[in-house]
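Protein chains get the first letters and strands the later ones, always in sequence-line order, with residue 1 at the start of each.
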Protein chains: 2
Amino acid sequence: MADRKDVSPPHTRLIAKLEAIGRVTEAEKSALADLPYRLRSFPENADLVRQGDKPPECCLIVEGFVCRYKLLGEGQRQIMSFHLPGDIPDLQSLHLRVMDHSLSALTPVTAAFIPHEALHALTRAFPGIAALFWRDTLIDAAIFREWLAGVGRRTAKARIAHVICEVYLKLRAVHLADDGGFDLPITQVELADALGLSPVHVNRVLQELRADGLIVSKGRFVIISDWERLRAVGDFDASYLHFRSEAA
Amino acid sequence: MADRKDVSPPHTRLIAKLEAIGRVTEAEKSALADLPYRLRSFPENADLVRQGDKPPECCLIVEGFVCRYKLLGEGQRQIMSFHLPGDIPDLQSLHLRVMDHSLSALTPVTAAFIPHEALHALTRAFPGIAALFWRDTLIDAAIFREWLAGVGRRTAKARIAHVICEVYLKLRAVHLADDGGFDLPITQVELADALGLSPVHVNRVLQELRADGLIVSKGRFVIISDWERLRAVGDFDASYLHFRSEAA
DNA sequence: CGTGTTATTGACCAACATCAAACTTAGTGG
DNA sequence: CCACTAAGTTTGATGTTGGTCAATAACACG
């Protein structure tokens, strides 16, 4: 788990993430490394950015888990995505001034805040990076679509299996998981808010998945014991993640 | 309705749409007008682009209604958005080579297919247009998020009211609707597939909305008789559409 | 006038929600 | 090292929204 302190600079995971979705030249890498930033820490449950804000900067997650959510009229919450180190979940604020949702820390989080001007200058100087950033936001959109399909049409069991597959692959892409299992710091309540279910039902379905021998989980630590079957149950096909290897 | 043939050139509604979400200079307008294209017609229900395709061009809808959908494992369909004249629903294919969903004609459709090279050249020459295009895909993503929230957490009644509000505003933005009502060429089956409901239930809820005096509908023609209450029932707040007037 | 699509109805059912309580677990401070 | 606490998980009983199935009615179109 994370007992070893992560001392790598903010941009290393960003580069790993960008390399998972496209090609990055050496010149681009050093430009990314030169980006100015301001580090900030957030305790669990704090908002990094809030619906209605007009942020002058984007946040690059350096450590910890973040979720994107919306509060609805009846006081309910819908979580719309999970983000991990290397992600810039509010990259969209470069072109959409007002946030239409909030970002919240699922664990203690360290984030590097990068001024919009710096990012605009970077994209102007490196069209390749602009294209990659655009591509990244397009992949986010593809993930929203997949979640929409899940919440709209898949059973509770499929939805849960599906999201486990997805997070696992995203973690692998930034070298935060391997076949030995991984740390999934998402409570059942949060899973419920992400999947449009009640926490009670999430709990029951999780037990089914364990009973079926698809996953083993102990606290926040999860092992996928039967990838193929989990994938089948979740109706999971990774192509919507548009990883370089699969998308080509 | 559409008994009057629409003779305006393909780019006029595109410009109207872009102006709804941002500013467009005269130079940019004429560059948009100069874009090469190839017109194609599709009958109701035909796919314009299909999941798995690697299209070399983007399609600008000139006339008719289009939906974006995915087929899931169990043979179910999830519709993920509706598109109307002026939209380029597969703009994302500029940076995501493989389509992860399909586009289908809800009515007979005319679309202008514009080669990727031409669009890339345009965005290179006019960074303002590149930004607008990016912004447009970001707004699409915002709409996916809103739908996700709806399907995840809102009641059937709220979802239906919500989508009627949304389509109405989008139609108004391209001057295809006014307070006198509008043509909504979406069957109840399609609504059901968009909202994650069964057609039977959509029918019943629609009747409730009519009984409550929120809408009047006769065939495909819809009149919103009480915007304020419809909006309240649908928990609708237009800010996620990021129209220029509201987003500022 | 048929004929196919879409809308509507009714009877019945299942997946998942809600409520409320108990149980675990991981921290925290004495 | 052991209470003590708060967060998260698990369980059981019961309720409801919305699904399924199947038949009928309205249209729209040639």
### Task
Check the distance between D:dA7's P and A:E190's CD and give it to me in whole angstrom.
13 Å

### Task
Quickly work out the A:E44 CD to C:dA26 P distance and round it to whole Å.
14 Å

### Task
Can you tell me the distance, in whole Å, between the CG atom of A:L197 and the C1' atom of C:dT18?
14 Å

### Query
Looking across every strand, which nucleic acid part, if any, lies under 4.0 Å from A:R210 by heavy atom: base, sugar-phosphate, or nothing?
sugar-phosphate

### Query
Between the side chains of A:D178 and A:Y168, is a donor N or O closer than 3.5 angstrom to an acceptor N or O?
no

### Message
Rounding to an integer number of Å, can you tell me how far B:R153 CZ sits from D:dG18 P?
### Response
13 Å

### Task
Indicate whether any N or O donor in one side chain lies under 3.5 Å from an N or O acceptor in the other, for A:T110 and A:R40.
no

#### Entry: Criterion side-chain contact (heavy atoms from CB on, under 4.5 Å) on A:F182 and A:I224, from CA distance to verdict
CA-CA 9 Å; A:F182 55 97; A:I224 296 178; 4.1 Å; yes

### Task
Could you say whether A:V200 or A:R154 is positioned toward the 5' end of DNA chain C, judged by the nucleotide with the nearest heavy atom to each?
A:R154

### Task
Scan B:T187 against the nucleic acid and name what it touches under 4.0 Å (heavy atoms): base, sugar-phosphate only, or nothing.
sugar-phosphate

#### Entry: Rounded interatomic separation in angstrom, taking CZ from B:R220 and C1' from D:dC29
13 Å

#### Entry: B:L191 CG to C:dT8 P, straight-line distance once rounded to whole Å
12 Å

### Query
What does B:L206 touch in the nucleic acid at a heavy-atom separation under 4.0 angstrom: a base, only the sugar-phosphate, or nothing?
nothing

### Query
Does a nitrogen or oxygen in the side chain of B:Q207 sit under 4.0 Å from OP1 or OP2 of C:dT9?
yes

### Query
Nearest nucleotide by nearest heavy atom, which residue falls closer to the 5' end of DNA chain C, A:P199 or A:K218?
A:P199

### Message
Rounded to whole Å, how long is the line connecting atom NE2 of B:H201 with atom P of C:dT8?
### Response
15 Å

### Task
Determine whether the side chains of A:H162 and A:D235 contain a donor N or O and an acceptor N or O closer than 3.5 Å.
no

### Query
Do the side chains of B:K70 and A:E146 get nearer than 4.5 Å, heavy atoms only?
yes

### Message
With a 4.0 Å cutoff (strictly under), does any side-chain N or O of A:N203 reach OP1 or OP2 of D:dT10?
### Response
yes

### Task
With heavy atoms under 4.0 Å as the rule, sort B:V205 into base, sugar-phosphate or nothing.
nothing

### Donor/acceptor link under 3.5 angstrom from A:R204 side chain onto base of D:dG12
yes

### Task
Nearest whole angstrom, please: distance from the C1' of C:dT9 to the CD of B:E208.
15 Å

